[in-house]
Amino acid sequence: MTDLSYVRKESHPDLPPPKSEVGVIAWLRQNLFSNWVNTLLTAAALYLLYKAVPPLFNWMFWEADWSGKTYQDCTSDGACWAMVRVRFDQFMYGFYPVDERWRINLGFLLLLGTGIPLLIEGVPFKKYLAIFVFLIYPFIAFMLFYGGMGLTVVETNEWGGLMLTLVLATVTIIVSLPLGVVFALGRRSNMPVVRIICVAFIELWRGVPLITVLFMGSVMLPLFLPPGTHFDKILRTLIVMAFFAAAYMAEVVRGGLQAIPKGQFEAAQAMGLSYWKMMGLIILPQALKIVIPGIVNTFIGLFKDTTLVLVIGLLDFLSIIQSATTHKNWLGTATEGYVFAACIYWIFCFGMSRYSITLERRLDTTHRD
Amino acid sequence: MTNLDTAQGTMSVSDEVAIQIIGMHKWYGDFHVLKDIDMTVYRGERIVICGPSGSGKSTLIRCINRLEEHQQGQIIVDDIELTSDLKGIDAIRREVGMVFQHFNLFPHLTILENLTLAPIWVRKVPKDEAEETAMHYLERVKIPEQADKYPGQLSGGQQQRVAIARSLCMNPRIMLFDEPTSALDPEMISEVLDVMVGLAETGMTMLCVTHEMGFARKVANRVIFMDEGQIVEQNEPEEFFNNPKSERTQLFLSQILSH
């Protein structure tokens with residue numbers, strides 16, 4: 001029999017990891033060549049990239065035509081970016097009068113100048129910025145874009161292009177989130193009437209295709225309004241889209257609310273917090289943080305769904321590009337048009353996606369790792 | 001004022017009534033959880049409630065701050081009767097602190113923010129004053145250096161001490177503890193119990209659901225044993241542990257003390 005008693009005299013020192021666990025070679029080996037299947041897949045992927053990327057770059061850049069007046073001026077094999085250059089202003093502003101376009105630039109610059117600092121951590125005076133962006137800016141933007149206070153009125157049927165897309169997207173995004181939160185809270189309310197109203201609203205809007213409600217908003221609604229009432233088409237579209245997005249948002253937020261442990265509600269109640277303080281200070285900050293991916297998913301979907309306003313005759317960014325590519329001067333440039341549209345939509349959506357990841361990291365206080 | 005001859009002998013109990021429960025019943029659906037509870041708690045009393053799981057002991061103390069609603073009988077806390085009247089409920093919740101089994105700290109707020117939230121938003125205390133109070137209580141639970149961390153960075157024992165400090169920041173007259181040490185690793189239990197003993201010494205009225213019989217012997221002036229939704233036996237700790245009257249109590253004590 002050996003002696004069972006053992007006492008460690010000194011603590012074992014920490015040693016550096018073996019070479020096979022760190023460095024570039026180790027990374028390559030672990031991720032790309034860990035076994036023969038992975039090695040084959042790596043080789044196949046490299047081959048596909050070699051076949052696809054150089055021709056794409058040739059078409060997009062090296063062999064592309066950058067200037068010209070019609071499609072006939074595009075003589076090379078590459079893309080005909082002359083179309084985008086000639087029509088660029090129209091893609092941005094639609095049929096907004098040329099002399100008044102500075103108003104749109106100013107409006108969006110103002111939003112960028114105040115909105116972006118609001119999204120960055122550590123910027124001072126955020127409270128005042130937020131008050132400006134959410135309470136004052138909408139009126140300034142309306143005045144700039146539509147007119148009034150000495151500025152010429154530009155009717156909304158002259159709005160179009162990226163400007164219209166951004167107006168639709170920004171307004172619906174900003175309106176749908178708070179509205180969605182309200183409906184999500186209502187759906188979980190103890191008061192039957194409130195709950196039934198919220199459930200009915202959510203299920204009604206969520207159960208109908210966006211195209212249908214857009215049609216109803218633009219074609220059918222005026223039939224029910226008293227004759228002579230003027231109800232702007234873009235305003236109707238905005239309302240319809242905001243409600244539609246709010247219904248989706250409500251369900252996303254509800255998912256977050258359900259993920260909050262009961263103990264959080266109880267701790268807040270036990271301290272004497274009222275319902276709204278409990279929700280505003282304890283529950284919603286946590287619930288919304290959990291559903292940031294879902295919220296941004298809805299935002300991105302919404303941003304791209306603005307292209308559907310095409311069916312009610314609004315010339316948003318995509319439809320104005322489509323109409324340019326079907327103009328007799330530019331027949332044959334459909335690919336260029338769609339690629340350009342895709343790039344612009346992708347930049348906005350990818351931006352939102354990256355920001356949401358940054359936000360998730362910044363707000364993470366769980367320290368699980 | 002009467003001095004109870006408990007182990008510590010110095011903590012006094014006044015004859016002012018803090019909580020009065022008269023003929024209280026509660027059901028969860030068809031299930032009769034609490035049956036005909038009668039109980040009077042005097043200011044400064046330290047009561048330990050024990051009993052097998054499902055005996056209704058947690059439900060009982062959760063009725064006192066209306067986290068659970070009772071259906072029959074009366075609960076009177078600080079001369080306010082608990083009814084569906086929201087003002088009364090809020091008034092009682094301001095005076096009654098509660099510590100939970102799973103701490104229930106707010107994970108998105110720092111420790112300091114956890115402590116100052118209710119004083120600022122419920123009691124309308126100015127922020128710097130609330131922070132001063134918060135630091136005072138953090139020092140009392142011996143973790144002032146953790147003020148700017150988040151709950152997720154603290155150990156279970158530290159989180160529970162923060163939870164106690166958080167309740168104390170509201171300056172409550174009564175403290176409820178719902179199995180405060182049941183979710184803790186064994187080596188962290190004593191740090192929480194030490195804080196609770198310290199609190200008892202300040203004369204706080206405490207109702208504590210726990211199976212820490214050492215704590216009960218040390219600070220309680222009364223131990224209540226519950227089973228199947230009823231109060232089966234209550235007594236001073238010495239009598240309760242050394243000389244339990246009911247068979248059910250004897251069985252329970254033999255089970256929890258035998259190992």
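Just so it is clear: chains get the letters A, B, ... in the order the sequence lines come, proteins before strands, and each one is counted from 1. The structure displayed is predicted, hence computed values, not measured ones.
Here the closest heavy-atom approach between residue Arg166(B) and residue Ala267(A) is recorded as NH2-CB, 3.6 Å. Shortest non-hydrogen contact noted between Ala270(A) and Met98(B) is CB-CB, 4.2 Å.
Within 6.0 Å of CG on Asn31(A) lie more than 12 heavy atoms contributed by other residues, nucleotides or ligands. Dense packing is recorded around OH of Tyr355(A), with more than 12 heavy atoms of other residues, nucleotides or ligands lying under 6.0 Å away. Atom CZ of Arg362(A) sits in a crowded spot, with more than 12 heavy atoms from other residues, nucleotides or ligands closer than 6.0 Å. At most 12 heavy atoms of other shown residues, nucleotides or ligands fall within 6.0 angstrom of atom OH in Tyr128(A). Crowding of Lys126(A) atom NZ: a count of heavy atoms from other residues, nucleotides or ligands under 6.0 Å exceeding 12. Around the CZ atom of Phe132(A), the shell of radius 6.0 Å holds more than 12 heavy atoms that belong to other residues, nucleotides or ligands. Heavy-atom neighbours of Gln71(B) CD from other residues, nucleotides or ligands within 6.0 Å: above the threshold of 12.
Atom CG of Asp364(A) sits about 10.0 Å away from atom OH of Tyr150(B), to the nearest 0.5 Å. Distance OG1/Thr365(A) to CG/Leu109(B): 8.0 Å, rounded to 0.5 Å. Of the inter-residue distances, the one linking Arg62(B) atom CZ with Glu266(A) atom CD reads 4.0 Å to the nearest 0.5 angstrom. A distance of 7.5 Å separates CG of Leu281(A) from NE2 of His108(B), quoted to the nearest 0.5 Å.
Between the Asn104(B) side chain and the Gly263(A) main chain, a donor and an acceptor come within less than 3.5 Å of each other.
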Only pairs under 3.5 Å count here: list side-chain donor-acceptor contacts from residues 191-203 of chain A, not counting sequence neighbours, and write none if there are none.
residue: Arg195(A); atom: NH1; partner: Ser189(A); partner atom: O; Å: 3.0
residue: Glu203(A); atom: OE1; partner: Arg206(A); partner atom: NH2; Å: 3.4
residue: Glu203(A); atom: OE2; partner: Arg187(A); partner atom: NH1; Å: 3.1
residue: Glu203(A); atom: OE2; partner: Arg187(A); partner atom: NH2; Å: 3.1
residue: Glu203(A); atom: OE2; partner: Arg206(A); partner atom: NH2; Å: 3.4

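Only the side chain of Phe100(B) comes within contact range of chain A, with at least one heavy atom under 4.5 Å from a heavy atom of that chain. When heavy atoms are compared at a cutoff of 4.5 Å, Val99(B) does not approach chain A at all.
Counting heavy-atom pairs closer than 4.5 Å to chain B, the top residue among Lys262(A), Lys289(A), Lys277(A) is Lys277(A).
Using non-hydrogen atoms only and a strict 4.5 Å limit, the part of residues 112-124 of chain B facing chain A consists of Asn114(B), Leu117(B), Ala118(B), Trp121(B), Val122(B), Lys124(B).
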Practice problem: Please lay out, stage by stage, how Gln269(A) and Arg66(B) fare under the test side-chain contact (heavy atoms from CB on, under 4.5 Å). | Solution: CA-CA 9 Å; Gln269(A) 284 168 349; Arg66(B) 195 74 168 189; over 6 Å; no
